[in-house]
**Student:** 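Supplied in structure tokens, the structure appears directly below.
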Amino acid sequence: MPPPLAGVIGFPIGHSKSPILHGYWLKKLGISGYYVPLSMSQADFVDALRSLPKLGFKGVNVTLPHKLSALSVADSVTDRAALIGAANTLTFRDDGSISADNTDGYGFIQNLRQNAPEWDARRGPALVLGAGGASRAIISSLLSAGVTELRLANRTRQRAEMLADQFGAKIEVIDWNRASDAMDGVLTIVNTTSLGMTGQPELPVVLDAAPSDALVTDLVYTPIITKFLAAAEVRGLKTVDGLGMLLHQGVPGFELWFGQRPEVDEGLRQAILGA
Ligand code: NAP
């Protein structure tokens with residue numbers, strides 16, 4: 001049997017951490033497989049994808065700009081990928097068909113469960129900052145985890161309203177410039193915007209009104225401790241950084257393609273941080 005292959009498809013692809021992530025697990029678990037970066041333009045995506053199973057690929061992660069095309073090319077789609085409207089994990093079945101999943105929301109929740117085991121979404125409202133692509137996965141996973149209410153603030157209010165229309169009555173749209181005042185009783189505060197990332201402006205949301213038992217998490221992981229997380233720490237709030245989400249979202253794909261469930265451990269974090 002040839003060694004199993006998997007990879008990540010994007011354009012550009014050089015920045016992807018996924019080869020290091022999966023490479024770490026392959027080595028740790030002693031699996032003689034390979035996980036490779038594949039640079040593919042939008043024009044070539046569908047044809048190239050269809051040829052991968054014939055080359056021995058078990059599946060691929062998909063990143064920008066292919067997350068929407070990946071959903072439409074798939075023969076079957078998980079409920080969570082359909083709800084999020086994008087796929088990041090494709091698996092090639094023995095009969096040649098392609099199944100699509102989105103594991104971002106799973107990664108988000110697993111990261112909180114691992115690093116804040118006492119956190120329980122069902123215990124109160126959440127405040128989600130941002131209504132871009134990543135926000136959809138976060139909203140969907142928080143609703144599945146049982147948040148009682150979800151306040152959503154985005155610079156472009158219309159995008160938040162579109163998500164509220166899709167995700168239903170638990171979503172309350174908040175004006176972007178009122179986000180700092182929308183923290184009454186909030187248990188989970190999530191930055192899903194790109195603000196705070198190296199080279200981007202800082203997030204203009206203050207945590208003065210956050211309850212003392214609120215958990216603050218940021219999807220941005222460059223830097224690992226964003227100014228937003230640092231401000232939360234100063235306030236004595238529990239924080240979880242965004243790197244763990246990236247690590248955990250890789251688990252379901254790896255297990256499907258290589259047959260063993262990998263662990264997210266400190267060695268993996270260090271491997272990614274040192275890369
Ligand atoms: P996106 O679709 O481009 O959305 C960007 C979001 O940021 C939108 O809500 C946008 O608001 C907001 N934003 C951008 N510039 C802003 C500004 N100057 N002022 C106020 N709001 C601003 O991006 P995405 O795919 O959702 O990704 C968002 C972030 O999450 C990125 O930093 C990404 O690296 C990170 N991420 C991390 C993980 C992980 O595993 N940790 C996974 C996915 C994404 P408008 O709608 O008003 O433009």
Side-chain angles (χ1 to χ4, degrees), residues 8 10 12-13 15-18 20-22 61-68 70-71 80-81 84-89 101-115 127-142 150-164 166-167 171 173-180 189-206 216-229 239-254 264 268-269 272-273 275:
V8 55
I13 198 60
H15 65 283
S16 174
K17 308 267 191 219
S18 293
I20 302 163
L21 170 69
H22 289 268
N61 287 122
V62 180
T63 185
L64 296 176
H66 305 309
K67 286 184 163 199
L68 297 182
L71 198 65
R80 61 190 180 188
I84 294 165
N88 71 345
T89 304
D101 192 9
N102 191 313
T103 62
D104 278 343
Y106 164 86
F108 171 73
I109 296 290
Q110 288 306 111
N111 184 33
L112 296 188
R113 295 214 165 118
Q114 183 176 43
N115 293 295
L127 172 63
V128 174
L129 306 167
S135 176
R136 303 175 72 88
I138 303 312
I139 292 172
S140 154
S141 66
L142 282 171
L150 195 152
R151 300 173 198 159
L152 180 61
N154 192 52
R155 174 181 63 176
T156 310
R157 187 182 164 101
Q158 192 193 8
R159 289 184 92 186
E161 280 167 354
M162 280 166 61
L163 292 188
Q166 185 194 340
F167 284 100
I171 316 279
V173 175
I174 305 285
D175 272 347
W176 178 242
N177 56 15
R178 299 292 314 277
S180 304
I189 301 170
V190 192
N191 176 36
T192 79
T193 76
S194 44
L195 295 178
M197 212 168 143
T198 308
Q200 292 283 320
E202 290 305 330
L203 187 63
V205 174
V206 292
V216 180
T217 184
D218 200 328
L219 264 55
V220 172
Y221 56 84
T222 48
I224 283 288
I225 306 297
T226 58
K227 289 236 166 72
F228 189 54
L229 288 184
T239 61
V240 176
D241 68 56
L243 181 60
M245 172 177 164
L246 175 77
L247 308 182
H248 281 283
Q249 63 75 33
V251 169
F254 187 96
V264 172
L268 178 59
R269 264 181 81 85
I272 299 286
L273 288 172

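Note that ligands are numbered from 1 as they come in the structure, with each ligand's atoms numbered from 1 the same way. As the structure is a prediction and not an experimental result, all values here were calculated from the model.
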**Student:** Considering only heavy atoms, which protein residues lie less than 4.0 Å from any atom of ligand 1?
**Tutor:** Gly130, Ala131, Gly132, Gly133, Ala134, Asn154, Arg155, Thr156, Arg159, Trp176, Thr192, Thr193, Ser194, Leu195, Met197, Leu219, Val220, Tyr221, Gly242, Met245, Leu246

**Student:** For the side chain of Thr193 and the backbone of Leu129, is there at least one donor-acceptor N/O pair under 3.5 Å apart?
**Tutor:** no

**Student:** With sequence neighbours excluded, tell me which residues meet ring pair (Phe, Tyr, Trp, His ring centres under 6.0 Å) with Phe254.
**Tutor:** His22, Trp25, Phe258

**Student:** Are Asn61 and Ser18 close enough, and set up right, to give a side chain to side chain donor-acceptor pair (under 3.5 Å), and what steps lead you there?
**Tutor:** CA-CA 8 Å; Asn61 287 122; Ser18 293; 4.6 Å; no

**Student:** Measuring only between side-chain heavy atoms, which start at C-beta, is Leu142 closer than 4.5 Å to Phe108?
**Tutor:** yes

**Student:** Within the 4.5 Å heavy-atom criterion, are Arg136 and Thr192 side-chain neighbours or not?
**Tutor:** no

**Student:** Any side-chain to backbone donor/acceptor pair from Ser135 onto Gly130? Under 3.5 Å, distance only.
**Tutor:** yes

